[in-house]
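Everything on this sheet refers to the single structure shown next.
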Amino acid sequence: MAAAEPKTPAGTAAARRLARSCWSAFWDYETPKVIVVKNRRLGIVYRTVQLLILLYFVWYVFIVQKSYQDRETGPESSVITKVKGITSSEHKVWDVEEYVKPPEGGSVFSIITRIEVTPFQTLGTCAESMRVRNATCDSDEDCVAGQLDMLGNGLRTGRCVPYYHGSSKTCEVSAWCPVEDGASVSQFLGKMAPNFTILIKNSIHYPKFQFSKGNIENRKDGYLKHCTFHEVSDLYCPIFKLGYIVEQAGENFTQLAHAGGVIGVIINWDCDLDLSASKCNPKYSFRRLDPKHVPASSGYNFRFAKYYKVNGSTTRTLIKAYGIRIDVIVHGQVNQPTLPTGREVQPDSHHH
């Protein structure tokens, strides 16, 4: 009887098959099989899809998006402002030192157009404003001595006293008297305000590309002394009339001056360094920033006081000011071709 052949282990057989397949892959030659489908409609669809893909990359990616360029957004920016003009109210003439707050000439400032003045306030006791919650009373029992209302004008004394006018009574407070609502006088400053001029000097810098530019014409003939902004003829004369800014924001000047509001002056620097630096120009737009259709949050006002001495006693004039706040906002981006050597394209030497 013949002896049985030894059985090859399963692992060895698998290794041999793997080795044969590797040698086969090394020596064998393969070629894809091409099938030509003679269908005109299918061919047109196929070529149309190819054309659309090509157009997408050529037109949208390279021409519209300019993806071959490097990009930087959010320029470093400096804004300096200066307001000029005079106006008058029923009682006095106002110059720029009085109606512009703060006076430093930054990117955010307010032009006062209406005031409510409470003169000759001194520290003492007087009737609380009727606008304060639970301030009205019929007798002293309605007023708690020592009570302090954070929305009121002072510390309650516990007495119920006649109001400044009419037959009503309110709780007495220890405060600056008379309180604001009891003796304020309104004055309108907006008569000549549309003719106020505002110089907005802006310089921007893109550090990645070492590109800088400003929005003022570099001339020595006193150009800025007699020009005003025009989008076509005087783009580099950033002197705007306040009335022009309000009009471009789509607002009524008289209404805005009475209740106050916030106007944004947006300067946009979108620059393409494929072109010369002279083609990089600022674009201005204007819009109202506070929600005028929401009564609770529309309008703009603030308070300040002027202190002085009368017969040795400290006296103040309280002013509630309504005005047009200007916010100068600068943004933009710069595009530049990406060079394989890493060398940056320098901007045109001619600057405005």
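Excluded from the calculations below are hydrogen atoms, water molecules and symmetry mates; all remaining heavy atoms, backbone and side chain alike, are included. Counting from 1, the numbers follow the sequence of the chain as shown. Everything numeric here is computed off the predicted structure, so don't read it as measured data.
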Greater than 12 external heavy atoms within 6.0 Å of [X]'s [atom1]:
| X | atom1 | answer |
| --- | --- | --- |
| Arg219 | CZ | yes |
| Leu275 | CG | yes |
| Glu90 | CD | yes |
| Lys225 | NZ | no |

Does [X] reach the side chain of [Y], with side-chain heavy atoms less than 4.5 Å apart?
| X | Y | answer |
| --- | --- | --- |
| Ile326 | Val108 | no |
| Ile204 | Val330 | yes |
| Cys280 | Trp269 | yes |
| Ile324 | Ile263 | yes |
| Phe211 | His205 | no |
| Cys271 | Asn335 | no |
| Lys309 | Thr315 | no |
| Ile266 | Arg287 | yes |

Same cluster or not: [X] versus [Y], using hydrophobic residues (I, L, V, M, F, W, Y) connected whenever any side-chain heavy atoms lie under 4.5 Å apart?
| X | Y | answer |
| --- | --- | --- |
| Val100 | Phe188 | no |
| Trp176 | Ile319 | no |
| Leu155 | Met150 | yes |
| Phe304 | Val117 | yes |

Please report the shortest heavy-atom distance between [X] and [Y], naming the atom on each side.
| X | Y | answer |
| --- | --- | --- |
| Arg133 | Asp149 | O-OD2, 3.8 Å |
| Val179 | Tyr164 | N-OH, 3.3 Å |
| Thr113 | Ala257 | OG1-O, 2.7 Å |
| Gly190 | Pro194 | O-CD, 3.4 Å |
| Gly332 | Asn268 | CA-OD1, 3.4 Å |
| Ser233 | Tyr223 | O-OH, 4.4 Å |

How long is the span from the [atom1] atom in [X] to the [atom2] atom in [Y], to the nearest 0.5 Å?
| X | Y | atom1 | atom2 | answer |
| --- | --- | --- | --- | --- |
| Lys84 | Thr197 | NZ | OG1 | 7.0 Å |
| Asp221 | Glu217 | CG | CD | 9.0 Å |
| Ser313 | Leu123 | OG | CG | 9.5 Å |
| Ile112 | Thr87 | CD1 | OG1 | 12.0 Å |
| Ile329 | Ser285 | CD1 | OG | 8.5 Å |
| Thr48 | Ile53 | OG1 | CD1 | 11.0 Å |

Determine whether Lys283 and Glu231 satisfy the following criterion, salt bridge (Lys or Arg N to Asp or Glu O under 4.0 Å), listing intermediate values before the conclusion.
CA-CA 9 Å; Lys283 292 183 180 179; Glu231 191 173 4; over 6 Å; no
Give a yes/no verdict on a cation-pi contact between Lys320 and Phe302, requiring under 6.0 Å between NZ or CZ and the six-membered ring centre and an angle within 45° of the axis.
no
Taking the six-membered ring of Tyr322, is the NZ or CZ of Arg114 close enough (under 6.0 Å from the centre) and on axis enough (within 45°)?
yes
Between Tyr99 and Phe196, does the ring centroid distance fall short of 6.0 Å?
yes
Before you tell me yes or no, could you show the steps for Tyr308 and Thr317 under side-chain contact (heavy atoms from CB on, under 4.5 Å), namely the whole-Å CA-CA distance, both residues' side-chain angles and the distance that decides it to 0.1 Å?
CA-CA 8 Å; Tyr308 48 93; Thr317 296; 3.2 Å; yes
Would you find a donor on one side and an acceptor on the other, under 3.5 Å apart, between the side chain of [X] and the backbone of [Y]?
| X | Y | answer |
| --- | --- | --- |
| Asp290 | Ser298 | no |
| Asn215 | Lys201 | no |
| Glu72 | Val334 | no |
| Lys213 | Ser203 | no |
| Tyr300 | Leu256 | no |
| Ser186 | Glu116 | no |
| Thr81 | Ile200 | no |
| Asn252 | Gln255 | yes |
| Tyr307 | Thr314 | no |
| Asp140 | Arg159 | no |

Does the pair Phe229 and Asp234 meet the rule for a side-chain contact (heavy atoms from CB on, under 4.5 Å), with working shown?
CA-CA 5 Å; Phe229 175 81; Asp234 294 287; 5.8 Å; no
Considering only distance and modelled atom types, tabulate donor-acceptor pairs under 3.5 Å from the side chains of residues 239-251, sequence neighbours left out.
{"residue": "Glu251", "atom": "OE1", "partner": "Arg288", "partner atom": "NH1", "Å": "3.2"}
{"residue": "Glu251", "atom": "OE1", "partner": "Lys292", "partner atom": "NZ", "Å": "3.4"}
{"residue": "Glu251", "atom": "OE2", "partner": "Lys292", "partner atom": "NZ", "Å": "3.0"}

I'd like to check the salt bridge (charged side-chain N to carboxylate O under 4.0 Å, His left out) partners of Arg316; sequence neighbours left out, ordered by chain and number.
none
Between the side chains of [X] and [Y], is a donor N or O closer than 3.5 angstrom to an acceptor N or O?
| X | Y | answer |
| --- | --- | --- |
| Ser77 | Asn202 | yes |
| Thr73 | Gln333 | no |
| Ser89 | Trp94 | yes |

Does the Cys171 SG fall under 2.5 Å from that of Cys160?
no
Kindly check if Cys137 and Cys143 bring their SG atoms closer than 2.5 angstrom.
no
Could you please spell out the steps behind the side-chain contact (heavy atoms from CB on, under 4.5 Å) verdict for Leu235 and Asn281?
CA-CA 8 Å; Leu235 179 62; Asn281 298 313; 3.8 Å; yes
Verify side-chain contact (heavy atoms from CB on, under 4.5 Å) between Leu224 and Ile216, making sure each step is shown before the conclusion.
CA-CA 9 Å; Leu224 285 180; Ile216 292 182; 3.7 Å; yes
Please step through side chain to side chain donor-acceptor pair (under 3.5 Å) for the pair Thr170 and Glu128, ending with a clear verdict.
CA-CA 6 Å; Thr170 61; Glu128 177 62 286; over 6 Å; no
Aromatic ring pairing Tyr163/His165, orientation class (parallel under 30°, perpendicular over 60°, tilted between):
perpendicular
Taking only Lys NZ, Arg NE, NH1 and NH2, and the carboxylate oxygens of Asp or Glu, determine whether Arg303 and Glu180 approach each other closer than 4.0 Å.
yes
